[in-house]
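Since this is a predicted model, take the numbers as computed values, not measurements.
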Amino acid sequence: MMPPISLDQALDLVVQAAEPLPSESLALVEAAGRVLAAPVMATFDSPRAAVSMMDGYAVRSGEARVGAGFTVVGTAAAGARF
């Protein structure tokens, strides 16, 4: 029977015995739970236009007061420019 070893010694043994697995290419739907072998970079921005992340209105802070009236000067559909 082997004498007991410390946790640090046991971890060292595991790290020394471990070997990295080879990388492989998978479809995205098959990659759930996996770890990337290298960083992933997008080839283009999405959305391709500078758009806000939510609906809303833009007003000047000096004009935003109770009872103020505003005129809508334009709209921008999702993914489209103003």
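- The CG atom of Asp12 sits 9.5 Å away from the CG atom of Leu7 when rounded to the nearest 0.5 Å.
- In this structure a side-chain-to-backbone donor-acceptor pair under 3.5 Å is present from Gln9 to Ser6.
- Annotation: the span from Arg34 atom CZ to Ser23 atom OG amounts to 11.0 Å, rounded to 0.5 Å.
- Between Ala64 and Val59 the shortest heavy-atom distance is CB-CG2, 4.0 Å.
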